[in-house]
Amino acid sequence: MSAAQNRRSGQTPREPRRDPMSFSPPPRTRFAPSPTGYLHIGGVRTALFSWLHARRHGGVFVLRIEDTDRERSTEASVNVILEGMRWLDLGWDEGPYFQTRRFDRYREILERLLEEGKAYRCYCSRERLETLRAGQMARKEKPRYDGLCRDRRDPPPEGAAHVVRFRNPADGVVMVDDLIRGRVAFQNRELDDLIIARADGTPTYNFTVVVDDHDMGITHVIRGDDHLNNTPRQINILRALEAQPPVYAHVPMILGPDGKRLSKRHGAVSVLQYRDEGYLPEALLNYLVRLGWSHGDQEVFSREEMIRLFDIREVNKAASIFNPDKLLWLNQHYLKTLEPAVVARHLAWHLQRLDLDPAAGPPLEEVVLAQRERAKTLQEMARNSAFLFREPEGYDEKAADKHLGEAQRPILTALRAALAELDPWTPEAVHATVGGVAEAAGLKLGKVAQPLRVALTGGTVSPPIDVTVYLLGRDRTLARIARALGAGPGAGRSGVTH
RNA sequence: GCUCCCAUCGUCUAGCGGUCCAGGACGUUGCCCUCUCACGGCAAAAACCGGGGUUCGAGUCCCCGUGGGAGCGCCA
């Protein structure tokens, strides 16, 4: 009984069942992006599902670059794909294979199909095809090739260019047993004879994908469900090759916030942009695995848990909309729960992107501990921590007006004196000192902490004042208080000239 | 237009015929905590697309409708 049938009869086993009578070999899955744009979230999730399926069952994950469209494929796109996969740590076991390096093989198969009459040369001009299509559209018919060259007896037109078309069966039904969709039937009469080689002799997608998946021993084709309609054609080609079709699993699409297909215009940004904006690979992967798949009410999955728990058969059928807020929440979750040392390494990278020297401030792990509860991304954490690595540019205007006025002068002076003598320099000691100054002045802690915060950071937001002071260090703290005393509105009148 | 796919809170989802006046999470709102911002805690509002069946009983099965998505390239 196939998994699809199992699913239908409501008997999908929770745990993969090892059938003692048939030892299924470890699966081989692949991720096969085309380097014609960037690698976006949808592609990454497909890659993740393929990767998880392979890892889960001790199989092999293959990376293949589908670059047969030489017009649009670029090396830059290839690099973005590889870099993205590495950043996410979705390691591949084989490849990357490039289809452009396999042209000899495609040609070989092409010849064979031609010889066996399973494919034929088509001399129809693009113009004829266009008018044919236009006519069909006008008649509200499904545009398709009419098969003019299919049974052509007469000799081909002199010197005319030709493409090669696959001779699709005229009737019958093709069944696709999909791990996610169940059994889907397609009538052969709905399919036309697709082009498998262009006029310049280069092979096209539906042909190369079949040859490659077969040659590479792919057992499970996990891909976006925009390919479901291509599947019957591919199965027909496979049959012509007398090859066994792989198991298919068509995963639902990820839609943009407007419910439309993710595209350049709708938040389909490069995965590397998520890295640059300060997301952790752990967060992105966790977010993506929960899009279309779940394990009870569990929201957080470590990489190991994903591998252990993921089951391609449990993937939903409905498309889902990308939700940036939840990604943000997960990102902060990981900022808060990952080893500070791990987060610190990422933080260093982001500090550098802001032109800050990670070595010019307190230990990064301490910065992480102090900041992770008030930052949703690493980029935000880096920005919020800039004051620890270089002098603030100036003071936030409203903050200075409110907290660095004449009234705060005695407080800052007292803080400077007390902190100058402080020993040891610990958050606890700082806390006691600031509290002491407040008490002596008969003020609430906030009345003392806020002026100090503005003096030290230039703004009104930072970690708790004791931690902020502690991290900044004595020298910088004293210097910035002095600077604030000199820069305050009262500076001109009372003067710091003496 | 034709073919295929899909349909539970705004969003991601749990639910695999009775335990559902539908559960969790993000987001939203209110309260608490509080030196700022946050974090955290508590609480609340919020959904089974519609109509027919099947059944003692339907969110769960079937059909139709509606809505959404995909494909229909010498793109992948």
* Asked: Strictly under 6.0 Å, is that where the ring centroids of Tyr205(A) and His227(A) end up?
  -> yes

* Should Ser320(A) be listed as having a side-chain N or O under 4.0 Å from OP1 or OP2 of U11(B)? -> no

* To do: Starting from C1' on C72(B), measure out to CD on Glu130(A) and report it in whole angstrom.
  => 16 Å

* To do: Determine the contact category for Val184(A): base if any of its heavy atoms lies under 4.0 Å from a base atom, sugar-phosphate if only primed atoms, P, OP1 or OP2 are that close, otherwise nothing.
  => sugar-phosphate

* A14(B) and G71(B), which share atom name C1', separated by this distance in whole Å -> 32 Å

* To do: For Thr460(A), report the nucleic acid contact type (base, sugar-phosphate, nothing); a contact means any heavy atom under 4.0 Å.
  => base

* Asked: What integer number of Å spans the P atoms of C48(B) and U8(B)?
  -> 11 Å

* To do: Just jot down the ring pair (Phe, Tyr, Trp, His ring centres under 6.0 Å) partners of Phe31(A), sequence neighbours excluded, or say none.
  => none

* To do: To the nearest Å, give me how far apart CD1 (Ile321(A)) and P (G27(B)) are.
  => 18 Å

* For Arg144(A), report the nucleic acid contact type (base, sugar-phosphate, nothing); a contact means any heavy atom under 4.0 Å. => nothing

* Sticking with atom P, work out how far G50(B) lies from A7(B), rounded to a whole angstrom. => 15 Å

* To do: Mind checking Phe186(A) for me? I need base, sugar-phosphate or nothing, with any heavy atom below 4.0 Å counting as a touch.
  => sugar-phosphate

* Asked: How is Gly459(A) classified with respect to the nucleic acid when contacts are heavy atoms under 4.0 Å: base, sugar-phosphate, or nothing?
  -> nothing

* At under 4.0 Å between heavy atoms, what does Glu141(A) touch on the DNA or RNA strands: base, sugar-phosphate, or nothing? -> base

* **Atom pair distance, as rounded to whole Å: CZ in Arg233(A) and C1' in G71(B)** => 9 Å

* Asked: How is His250(A) classified with respect to the nucleic acid when contacts are heavy atoms under 4.0 Å: base, sugar-phosphate, or nothing?
  -> nothing

* To do: Classify the nucleic acid contact of Pro232(A) as base, sugar-phosphate or nothing, counting any heavy atom under 4.0 Å across all strands shown.
  => nothing

* To do: For Ala199(A), report the nucleic acid contact type (base, sugar-phosphate, nothing); a contact means any heavy atom under 4.0 Å.
  => base

* Asked: With a 3.5 Å cut-off and just heavy-atom distances, do the side chain of Arg372(A) and the base of C39(B) make a donor-acceptor pair?
  -> no

* Across the strands shown, which category fits Asp466(A) at heavy-atom distances under 4.0 angstrom: base, sugar-phosphate, nothing? -> base

* Lys317(A) vs C6(B): side-chain N/O to OP1/OP2 distance below 4.0 Å -> yes

* Asked: A7(B) pairs with which nucleotide, Watson-Crick or G-U wobble, both distances below 3.5 Å?
  -> U66(B)

* **Interatomic distance at P, A47(B) relative to U54(B), whole Å** => 30 Å

* Measure distances between side-chain N and O atoms of Gln298(A) and base N and O atoms of G24(B), and say whether any donor-acceptor pair falls under 3.5 Å. => no

* Asked: With sugar-phosphate meaning primed atoms plus P, OP1 and OP2, does Asn230(A) contact a base, only sugar-phosphate, or nothing at under 4.0 Å between heavy atoms?
  -> base

* Nucleotide opposite C2(B) in a Watson-Crick or G-U pair, distances under 3.5 Å -> G71(B)

* Which part of the nucleic acid, if any, lies within reach of Glu190(A) when heavy atoms closer than 4.0 Å are counted: base, sugar-phosphate only, or nothing? -> sugar-phosphate

* Please state whether the phosphate of U34(B), meaning OP1 or OP2, lies under 4.0 angstrom from any side-chain nitrogen or oxygen of Lys444(A). => no

* To do: Tell me the partner of A44(B), counting only Watson-Crick (N1-N3 plus N6-O4 or O6-N4) or G-U wobble (N1-O2 and O6-N3) with both under 3.5 Å; none if nothing fits.
  => U28(B)

* **Thr208(A) side-chain N/O to A76(B) phosphate OP1/OP2 under 4.0 Å** => no

* Between G51(B) and G59(B) - C1' atom distance, rounded Å -> 16 Å

* Asked: Using atom P of each nucleotide, how far apart are A43(B) and C49(B) to the nearest Å?
  -> 29 Å

* Ser294(A) side chain N/O closer than 4.0 Å to the phosphate oxygens (OP1, OP2) of A14(B)? -> yes

* To do: Please determine if Arg233(A) forms a cation-pi arrangement with Phe166(A), meaning its NZ or CZ atom is less than 6.0 Å from the six-membered ring centre and no more than 45° off the ring axis.
  => no

* To do: Provide the distance between the two C1' atoms, one in G27(B) and one in C12(B), to the nearest whole Å.
  => 11 Å

* To do: Determine the interplanar angle of the His250(A) and Tyr248(A) rings, folded into 0 to 90°, and report it as parallel if under 30°, tilted if 30 to 60°, perpendicular if over 60°.
  => parallel

* Asked: Distance check: side-chain N/O of Arg133(A) vs OP1/OP2 of G73(B), anything under 4.0 Å?
  -> yes

* Structure fact -> His227(A) NE2 to C6(B) P, in whole Å, measures 18 Å

* Asked: Which heavy atom of Ile180(A) sits nearest a heavy atom of Ile312(A), and at what distance?
  -> CG1-O, 3.5 Å

* Under 4.0 Å between a Lys/Arg side-chain N and an Asp/Glu carboxylate O for Arg30(A) and Asp212(A)? -> no

* Does U54(B) pair with anything, Watson-Crick or G-U wobble, both distances under 3.5 Å, and if so, with which nucleotide? -> none

* Look at all strands and tell whether Lys140(A) reaches a base, only sugar-phosphate, or nothing, counting heavy atoms closer than 4.0 Å. => sugar-phosphate

